[in-house]
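Structure, as structure tokens:
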Amino acid sequence: MRRMLSRVAKSVQNSCNGRSVSTSSERSAAVASAINRLEPSSVSMESNTKRTLADLDGPQGYPVLGTAPEYFRKANRGKMHEVQRQFHQKYGKMFKERLGPVTNVSIADPKIVEELIRQEGKYPLRPPYESWLLYKKLRSQKAGVMSAVGEEWHRYRTALSQKLLRPRNVHEYVDIMNEVVTSLVQRIRYLRDHEGEGSTVPALPNELCKWAAESIGAVLFEDRLGCLENQMAVEVQDFIEAVGKMFLTGHQLMVFAEMHKKLGTKPWKTHVQSWDTIYRVAEKLINKSLDEMKRGIDVEDHDVKGSAFLGHLLTGTKLSIEEIYTCTTELFLSGVDTSSNALGFAIYLLARNPRVQERMYPVIPINARVTTADITLNGYLIPKDTCILLNAYTMAYDEQHFSRAEEFIPERWLRSESKDVNPFSMLPFGFGSRMCVGRRIAEQELYLALIRIAQNFWLEPASKYELKPVLRTVLSLGEQIPVQFKDR
Ligand code: HEM
């Protein structure tokens, strides 16, 4: 981690000196993986108990609908993480609920999270939304690394991990990512001076989505998409909006997706249109990059290389061309809402406290697994195919796991201070062989962006706007961030 930071710092320094050096040849040692630090703790499997799902407590809910109406109540819309937290407060660290036809088990205790994850098989299963599967069937579209299951997923994952998770490979993108951050800083300054009031930047969350799209685009296509230009390509803005809508409607269609499809409801139609736009724009960008690569080969011009990432998928893996398109599309869309919201919440919190920590807003507040075999969890026999919700948000606010849980105490994450923290109480990128494949990319993007923003601006709270976070699969910022950017 220290090496990664020093590599990042070097690039930041270079960009401050107004130059950018290519350091692709530099060998960097592997960033210490959090996974390797996580040794199994003494978890009791309690296999001698006979408790089953029937013995597990939880909210009763309504006939047929179960607890679904609770989440669609006006006051609770977009706040599933809060509702889950309230259920945990009432029913304890493990409860069950029926969401329409599906029974879910929710857990919010690091020991139980560890117990679950230590029992994962070769192909961990994070449940894809039913609406995604319905869309793919409708358009005869293959699943990619985010949505595939079993052996298919494992093949994709193996092909992608080499480029995306090896620190040495990720470091090669530091300079281009840093150039993207330079554009972001310029854009913030421009919007603040020309369109903002009182040093604020209107619609900042959308600008941060553009930054995230530009940044992941730079990795996947090794090209600048122009998202942070005053006149950006309409198509990429369409893509960003479509990603937001796809995640929002995917969340809304979490229960009864099939029924929405049959009735042709508005969320279903929006969902389909959003996916169509996502695939259309991504395909165009991939085509452009592949054409460039071909042109370089045809004219034997070594300066025209196209994307090293796509080149690797084409020549270094056995993925078919269709699989390359699908996986690249899923990586592109996964990199937008996640990194942008993480950066936005960090900016917001920095403005309120320079010693801020972003864990207060884990952007994936609820992760999930489907059991691939019968298992014992916290003394309960959980059958195969049960959906388990891992409630990071609830754990983050639990005094049992974090003292003064509601306060900003960034020092708690210093190595010297964090020895009493159970690592399974905070897994922002998930865990195990199915953890976030973009983790190293996201960390590098965020270090660069936060360092450069802090170097350029003094952040202060603004009264003009209000933060209204909404859960739309990813915990998102809403329309505005109440922050003032003062020049340093
Ligand atoms: C701060 C930013 C990010 C956060 C907090 C985040 C978080 C997560 C989490 C919690 C998961 C589920 C892991 C699990 O089930 O154990 C995940 C999966 C995934 N993420 Fe990220 N992510 C971020 C950025 C990115 C970026 C930039 C990319 C694109 C390169 C990306 C691509 C993916 C993909 C493709 C998956 C599915 C992996 C699989 O199923 O094998 N993420 N992410």
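On a predicted model such as this, the values are computed, not experimentally measured, just so you know. Below, all heavy atoms of this structure are taken into account, side chains as well, without hydrogens, waters or symmetry copies. As the structure lists them, so they are numbered: ligands from 1, and atoms in each ligand from 1.
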Item to complete: Quick one: look at Arg439 and ligand 1, take heavy-atom pairs under 4.0 Å, and tell me if it's side chain, backbone, both or neither.
Response: neither

Discussion item. Polar contacts were defined as any N/O atom of the residue lying under 3.5 Å from an N/O atom of the ligand; does this apply to Glu330 and ligand 1?
Written reply: no

Practice prompt. Would you confirm whether Ser215, through its side chain, and Met177, through its main-chain N or O, come within 3.5 Å as a donor-acceptor pair?
Written response: no

Worksheet item: Do Glu330 and Ser147 have side-chain N/O donor and acceptor atoms under 3.5 Å apart?
Response: yes

Discussion item. Would Trp153 count as a polar contact of ligand 1, with the cut-off being nitrogen or oxygen pairs under 3.5 Å?
Written reply: yes

Fill in: Side-chain ion pair, Lys93 and Asp398, N-O less than 4.0 Å
no

Discussion item. Do Phe424 and Leu116 make a side-chain contact, defined as non-hydrogen atoms from C-beta onward lying under 4.5 Å apart?
Written reply: no

Worksheet item: With a cut-off of 4.0 Å, which atoms of ligand 1 are near a heavy atom of Met435?
Response: 13 (C), 14 (C), 16 (O)

Worksheet entry | Which of the ligand 1 atoms, numbered from 1, are nearer than 4.0 Å to a heavy atom of Ala442 | 2 (C), 24 (C)

Discussion item. Does this structure show an ion pair linking Glu152 with Arg155, if we count only N-O contacts that are shorter than 4.0 Å?
Written reply: no

Worksheet item: Which distance, rounded to the nearest 0.5 Å, do you find between the OH of Tyr380 and the CD1 of Ile107?
Response: 13.0 Å

Worksheet item: Short list, please: which atoms of ligand 1 are under 4.0 Å from a heavy atom of Phe431?
Response: 16 (O)

Discussion item. Checking contacts here: is it the side chain or the backbone of Leu164 that comes within 4.0 Å of ligand 1, counting heavy atoms only? Could be both or neither.
Written reply: neither

Discussion item. Does only the side chain of Arg369 get under 4.0 Å from ligand 1, or the backbone, or both, or neither? Count heavy atoms.
Written reply: side chain

Practice prompt. Decide whether an N or O pair under 3.5 Å exists between Asn367 and ligand 1.
Written response: yes

Worksheet item: Is Asn341 reaching over with its side chain to a backbone N or O of Asp337, donor-acceptor style, under 3.5 angstrom?
Response: yes

Discussion item. Please classify the Leu446 to ligand 1 contact at 4.0 Å (heavy-atom distances, strictly less than): side chain, backbone, both or neither.
Written reply: side chain

Discussion item. Taking 4.0 angstrom as the limit and counting only heavy atoms of Arg157, give me the atoms of ligand 1 inside it, by number and element.
Written reply: 38 (C), 39 (C), 41 (O)

Fill in: Polar atom proximity, Leu331 to ligand 1 (N or O, under 3.5 Å)
no

Worksheet item: Based purely on interatomic distance, does Arg126 place a nitrogen or oxygen under 3.5 Å from a nitrogen or oxygen of ligand 1?
Response: yes

Item to complete: Kindly write out the residues that satisfy salt bridge (charged side-chain N to carboxylate O under 4.0 Å, His left out) with Lys210, not counting sequence neighbours, or none if the list is empty.
Response: Glu207

Worksheet item: Which residue pairs pass the ring-ring contact (aromatic ring centres under 6.0 Å, His included) test when at least one of the two sits in residues 138-157, sequence neighbours left out?
Response: Tyr123-His154

Item to complete: Number the atoms of ligand 1 from 1 as they appear, then name those within less than 4.0 Å of a heavy atom of Val145, with their elements.
Response: 35 (C), 39 (C), 40 (O), 41 (O)

Worksheet item: Taking heavy atoms and a distance under 4.0 Å, where does Val219 meet ligand 1: side chain, backbone, both or neither?
Response: neither

Practice prompt. Compare Cys436, Ser339, Ser433, Gly432 and give the one whose heavy atom is closest to atom 42 (N) of ligand 1.
Written response: Cys436

Worksheet entry | Closest approach of Leu165 to Val437 (non-hydrogen atoms, all atoms of both residues) | CD2-O, 3.5 Å

Practice prompt. Pick whichever of Leu343, Asp337, Val170, Thr338 has a heavy atom sitting closest to atom 23 (C) of ligand 1.
Written response: Thr338

Discussion item. Can you name the atoms of ligand 1, numbered from 1 with element, that are less than 4.0 Å from a heavy atom of Gly438?
Written reply: 26 (C), 28 (C), 30 (C), 31 (C), 32 (C)

Item to complete: Heavy-atom contacts with Ile216 under 4.0 Å: which atoms of ligand 1 show up? List them by number with element.
Response: 29 (C), 30 (C)

Fill in: Shortest non-hydrogen contact from Ile240 toward Cys209
CG2-CB, 3.5 Å

Discussion item. Quick check on contacts: which atoms of ligand 1 are under 4.0 angstrom from a heavy atom of Pro428?
Written reply: 5 (C), 7 (C), 10 (C)

Practice prompt. Report yes or no: is the cationic atom of Arg85 (NZ for Lys, CZ for Arg) closer than 6.0 Å to the six-membered ring centre of Tyr397, at no more than 45° off its axis?
Written response: yes

